[in-house]
Protein chains: 2
Amino acid sequence: MKTPTLPLFDRPEGMTTHDYAFARLRQAIMVGSFRPGTSVTIRGLAEALESSPTPVREALRQLTSIGALQVLENRRIVVPRITPARFEELISLRIALESHAARRAVAHLTERQIERISAIDDSIEDEIRRGDQAAALIANQAFHRTIYTANPDQIVMPLIESVWLQLGPILGIAMEHVSELYVVDRHREAIEALRRRDEDAVAAAIAADIREGIGGFDQQAIARLLKLAA
Amino acid sequence: MKTPTLPLFDRPEGMTTHDYAFARLRQAIMVGSFRPGTSVTIRGLAEALESSPTPVREALRQLTSIGALQVLENRRIVVPRITPARFEELISLRIALESHAARRAVAHLTERQIERISAIDDSIEDEIRRGDQAAALIANQAFHRTIYTANPDQIVMPLIESVWLQLGPILGIAMEHVSELYVVDRHREAIEALRRRDEDAVAAAIAADIREGIGGFDQQAIARLLKLAA
DNA sequence: TTTGCGAAAATGTGATCACAAAATGAGATT
DNA sequence: AATCTCATTTTGTGATCACATTTTCGCAAA
C-alpha cells in the first residue's frame with residue numbers, strides 16, 4: 001500500500017515546513033482522501049512534500065495524538081479502520097459535543113454573523129447542485145464551525161475537529177458510493193432557532209442535522225460501506 | 001522563567017525516548033506541576049530528560065495539539081494561562097463530555113467493575129485523610145476513567161483527558177491555596193446509580209461531582225487564585 | 001536613573017546520518 | 001506448489017549540526 005497522493009494546498013509564506021505538512025495531511029484526512037487502513041510512511045511523505053523526515057514525523061505525531069492517525073505495535077502509522085460500533089460512538093459524540101457547542105454560542109451570535117451563516121448554507125446547496133461533494137463538505141464544516149466559534153472563549157472546537165478527522169476516512173468512502181450525502185433541511189431550522197435565541201431548538205436542530213446526515217447511516221449501511229472499502 | 005523540575009516517572013523498558021518524554025511531561029501537567037505562564041524550552045527539557053532535542057520536540061508538539069501547551073507567536077512554548085471565562089468553559093465541557101461518557105458506559109459495567117470503582121473511591125478518601133493531594137487527584141482521575149473506559153468502543157477518553165490537561169495548571173494552584181479540594185459525596189451516589197443501571201442518575205451524579213468539585217469555584221474565587229498565581 | 005545599542009547567548013527549525021528493527025523478496029528445500 | 005531461509009531493502013528512531021531569529025545582557029549616552 002503506497003502513500004496516497006495529497007490534495008493541493010497553498011503554502012502561505014512564513015509557514016514552517018512542519019506546519020505545512022501538518023495542515024496538508026490534516027486537510028487530506030478531513031475530506032476523506034485517505035482510506036481506512038492506508039499506511040503512511042515518514043520518508044514517503046517527506047518525499048511527497050519535498051522535505052525531510054524531521055518535520056513530517058512531527059506532523060504525524062500530532063495527527064496521531066488527535067486521533068486522525070493510529071500507530072500500530074510495529075510503530076507503523078496507518079489511517080484507523082472503522083467498525084460499526086466505533087462509527088456509532090463517533091456520531092453520538094459529535095452530537096454531544098456540537099449540541100453543547102451550539103448552545104454556548106447562541107448568546108454570542110450577532111445578526112450579522114447569523115446572516116453570514118445563512119450565506120454559507122446557501123453555498124452548501126450551490127456546491128451540491130454543482131455536484132462538488134468535497135466542496136460541499138468543506139462548506140458544511142464551515143457552517144458548523146462558524147456557529148461554534150462565535151463563542152469567543154470556546155475551547156471545544158479542537159475536540160470537535162478531532163471527531164471530524166476520525167470520521168473523515170469513512171466519509172471518503174461514502175462519497176464514492178452515495179450520490180447524496182447531506183440533508184440540509186435542518187440547517188434552515190437551526191438558523192431560525194439562532195434568530196430566536198432558542199438554545200434548546202438550536203441544539204435539537206444541530207443534533208438532528210448530524211443524525212440525519214452522516215449519522216443517518218444505520219449499522220448495516222456502514223457495514224456494507226466498510227466491506228466495499230476492504 | 002526556567003524549566004521546572006519534573007516529577008519522577010519510571011521508564012518502562014522498550015519505551016521510546018519520545019514516548020517517555022511525552023508521558024512524563026503529560027503527567028507533570030496533568031497533576032498541576034507546571035504553573036500557567038511557565039515557558040518550556042526544547043533544549044532545557046532535553047537536558048532534564050537526558051536526551052536530545054528531536055524526541056522532546058515531538059513530545060511538545062503532541063502536547064500542544066491536545067491543548068496541554070500553547071505555542072506563542074514567537075514560537076515559544078508555554079503553559080497556557082487561564083481566564084475565568086476559559087475556566088468556566090472547561091468545566092461545562094467536562095460536564096458535557098463526562099456525562100455523555102458515563103451514560104454510554106452504564107450498560108457495559110459489570111458488578112465486578114463497579115466493586116473496583118467503589119474500591120478506588122475508598123482509596124481517594126484514604127489519600128485525602130493522609131493529606132496527599134496529588135495522590136488523591138490521581139485516584140480521582142482513576143475513578144472517572146475506570147467508569148468511562150468500561151465502554152469498549154469508547155473514543156471519548158482522549159478528549160476528556162485533553163480537558164483534564166487544560167485544567168491541570170489551575171489545579172496545581174488550587175492545591176497550594178486550598179486545603180480541601182474534593183467533595184466525594186457524589187461518588188457514592190454515582191456508584192449507587194451504576195448499580196441500578198440508571199443512566200440519568202449516573203449522568204446527574206457525575207455532573208454534580210464535577211460542578212461541586214473543582215467546578216465549585218465561582219468566578220471570583222478563580223480570579224483570586226489566578227491573581228495569586230501571577 | 002533611564003534609555004538606546006550592539007554583541008553574545010539562547011532558542012526553534014530542519015536536514016542529515018548512523019543504528020536497529022521490521023518487512024520484503026528471491027532462491028532453495030520439501 | 002507450498003514453505004522455509006537468508007540477504008536486501010525499507011522503515012522508525014534519535015543524535016548532531018548548521019542556520020536564522022529572538023532574547024538577553026552589559027555598557028554607554030542622555
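All of these numbers come straight from a predicted model, not from anything done at the bench. Just so it is clear: chains get the letters A, B, ... in the order the sequence lines come, proteins before strands, and each one is counted from 1. Worth knowing before you read on, the calculation uses all heavy atoms, side chains too, and leaves out hydrogens, waters and symmetry mates.
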Nucleotide by nucleotide, 5' to 3', does protein get under 4.0 Å of the base (B), only the sugar-phosphate (S), or neither (-) in nucleotides 15-25 of chain D, counting heavy atoms? BB-B----S--

Starting at atom [atom1] of [X], determine the distance to atom [atom2] of [N], rounded to an integer number of angstrom.
X      : N       : atom1 : atom2 : value
L60(A) : dG12(D) : CG    : C1'   : 11 Å
L72(A) : dT11(D) : CG    : P     : 15 Å
Y20(B) : dT13(D) : OH    : P     : 18 Å
L49(B) : dG14(D) : CG    : P     : 12 Å
I77(B) : dA10(C) : CD1   : C1'   : 15 Å
D19(A) : dT13(C) : CG    : P     : 8 Å
R75(A) : dA22(C) : CZ    : C1'   : 11 Å
H18(B) : dA20(C) : NE2   : C1'   : 19 Å

Of L69(A), V40(A), I77(A), which is the lone residue that meets side chain to side chain contact (heavy atoms under 4.5 Å, CB included) with L63(A)? L69(A)

Any side-chain heavy-atom pair from R94(A) and Q166(A) closer than 4.5 angstrom? no

Keeping the roles fixed (side chain from S99(B), backbone from A96(B)), state whether a donor-acceptor pair exists under 3.5 Å. no

Run the side-chain contact (heavy atoms from CB on, under 4.5 Å) test against D126(A) and tell me which residues pass, sequence neighbours left out. R129(A)

More than 12 heavy atoms of other groups within 6.0 Å of E115(B) CD: yes

For H144(A) and Y148(A), take the angle between the two ring planes, folded into 0 to 90°, and tell me which bin it lands in: parallel under 30, tilted 30 to 60, perpendicular over 60. tilted

